[in-house]
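Notes follow the structure.
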There are 2 protein chains.
Amino acid sequence: MIVEAALRVVDREGVDGTTMRRVADELNTGAASLYWHVRNREELLHLMLDTVAGEIRLPKPDPKNWQAQVKQLGREMRRTLLRHKDIAKATMGRIPLGPNALRVSEWALGLLRAAGIPDRTAALVIDLFSLYVGAHAMEQADGEIPMPDGAGGSMEAVIDMYRGYFRSLPPDAFPNTVALADLLVEGGPDERFEFGLDVLVAGLAATAKAARPKR
Amino acid sequence: MIVEAALRVVDREGVDGTTMRRVADELNTGAASLYWHVRNREELLHLMLDTVAGEIRLPKPDPKNWQAQVKQLGREMRRTLLRHKDIAKATMGRIPLGPNALRVSEWALGLLRAAGIPDRTAALVIDLFSLYVGAHAMEQADGEIPMPDGAGGSMEAVIDMYRGYFRSLPPDAFPNTVALADLLVEGGPDERFEFGLDVLVAGLAATAKAARPKR
DNA sequence: ACCGCGATAGAACAGTGTTCGTCTAGCGAA
DNA sequence: TTCGCTAGACGAACACTGTTCTATCGCGGT
């Protein structure tokens, strides 16, 4: 109940805007009342994260297509996180251990093991993977990129500003940055995410093969 | 001057503990005085990040050994970040564009291009790489893992708690998690970081080769 | 001696998480 | 019905936060 209310606030105001007082308002009650049901804001965030983890849909594992399925899981996780504004910010530095989060890692662990990935590699890659998806979703989610000068505008305006900035650099000191100015700013979040997914899965395949020298 | 003071505070109190008032105290002055030199806390954080980026040492590029050099850069970045407590937390969601940060990406860009990585891939991988290093350093840095129940203790105690938790799960619902309980918690931050580095570089090599089908 | 200006700083404002003590609504037992 | 009892709500307060406004320094140039 209170977790659902908190999630409604997150969807509207973002993680930083999800204050105890606002969650209490959502329930037409006082902030102090929340502390009867929840130890502190930290616990509330954990509960919210696990609830969100429960929204992740998992297909039936198909070890023969494990690479495609790993990517599919990544996309599903990202979609689920972004559905709740910048809740990915709350995942950073937190290790979710609720039943719903565990269900996801259990699924991934099963898939990787069935695919022949060594146990040790599978255990390590679980962390790496969620680290990537969480960090990416967070970067994309807070639509306003905090700029040093308070000039933060829309996404496109910021990108144009960056491009101009890169191009204006002294070409003798930053030849590559100037030359690749367009490439550095082009490419939406979707494309960047897919690129990371490709690199991760390809790297995992190579690493796993190297770690299992029985051919 | 004020940036150095702020960095001293970070090293002592962490990012969240780096409040305007404490930085001012470090300089034996008042919090309001800082706003004469700095637009706001956001700008101060940017300046701190770029100063830290200036501490990153870059070797002479050696394209023939680009894979080793990319890993070396990762380790150097991580070391530099961890030297300043949890300052990595400040990198998340921020895009550093100061001269010192630019110097690093310029170096990496040059190395990757000279190594034959396609421009587009190089541009994308810059982001991916700093995302990984930043996220990893942040996770490792805040020594206290925020636990739902306020039972956060030392790193080792938490790990033991996790192991016990994983083992205590119902084996029919979480067979893989239970089976890999030891592997999931074992492995220090160094090993985990190296694993990520391996995966990333191997994945990059594979992806770059695929994107450049001229053999 | 005076002006101007770069710099400092106190007080205040709105907002945060959290705690304390008090209050109320409901319910089972006598 | 009346008496407890307790789960839950809640106002007030505390110690903080970033930021702004305003007044006030110190000091070099005229």
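Below, chains carry the letters A, B, ... as their sequence lines are ordered, and counting in each starts from 1. Everything numeric here is computed off the predicted structure, so don't read it as measured data. Atom set for the values below is all heavy atoms of this structure, side chains included, hydrogens, waters and symmetry mates excluded.
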Could you state the [atom1]-[atom2] distance from [X] to [N], rounded to the nearest angstrom?
X: B:Met1; N: C:dG6; atom1: CE; atom2: P; value: 21 Å
X: A:Arg39; N: C:dT19; atom1: CZ; atom2: P; value: 11 Å
X: B:Met20; N: C:dC13; atom1: CE; atom2: C1'; value: 17 Å
X: A:Leu44; N: C:dT18; atom1: CG; atom2: C1'; value: 14 Å
X: A:Asp16; N: C:dT16; atom1: CG; atom2: P; value: 11 Å
X: A:Glu43; N: C:dT18; atom1: CD; atom2: P; value: 11 Å
X: B:Leu34; N: C:dT8; atom1: CG; atom2: P; value: 9 Å
X: A:Trp36; N: C:dT24; atom1: CH2; atom2: P; value: 17 Å

Counting distance only, does the side-chain N/O of [X] pair as donor-acceptor with the main-chain N or O of [Y] below 3.5 Å?
X: B:Asp86; Y: B:Met138; answer: no
X: B:Asp50; Y: B:Ala101; answer: yes
X: B:Arg163; Y: B:Leu183; answer: no
X: B:Arg103; Y: B:Ile56; answer: yes
X: A:Gln72; Y: A:Gln67; answer: no

query: Between A:Thr29 and B:Arg41, who's closer to the 5' end of DNA chain D by nearest nucleotide?
result: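 Looking at DNA chain D, the more 5' nearest nucleotide goes with A:Thr29.
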message: Assuming nearest nucleotide by heavy-atom distance, tell me which of A:Ser33 and B:Thr19 is located more 5' along DNA chain D.
response: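 The residue mapped nearer the 5' terminus is A:Ser33.
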task: Give the first and the last nucleotide of DNA chain D, reading 5' to 3', that has any atom under 4.0 Å from a heavy atom of chain A.
output: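 Span of nucleotides near chain A: D:dA7 to D:dA13.
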task: Return yes if the base of C:dG15 and the side-chain atoms of A:Arg21 contain a donor-acceptor N/O pair under 3.5 Å, otherwise no.
output: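 No pair found.
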- request: For A:Ala32 and for A:Arg22, locate the closest nucleotide of DNA chain C by heavy-atom distance; then report the residue assigned to the nucleotide nearer the 5' terminus.
  value: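 Between the two, 5'-proximity favours A:Arg22.
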- prompt: Is there a donor-acceptor contact under 3.5 Å linking the side chains of B:Glu106 and A:Thr177?
  reply: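 Checked: B:Glu106/A:Thr177 side chains pair up, N/O donor to acceptor below 3.5 Å.
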Donor + acceptor pair across side chains of A:Arg78, A:Gln140 (<3.5 Å):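 Checked: A:Arg78/A:Gln140 side chains pair up, N/O donor to acceptor below 3.5 Å.
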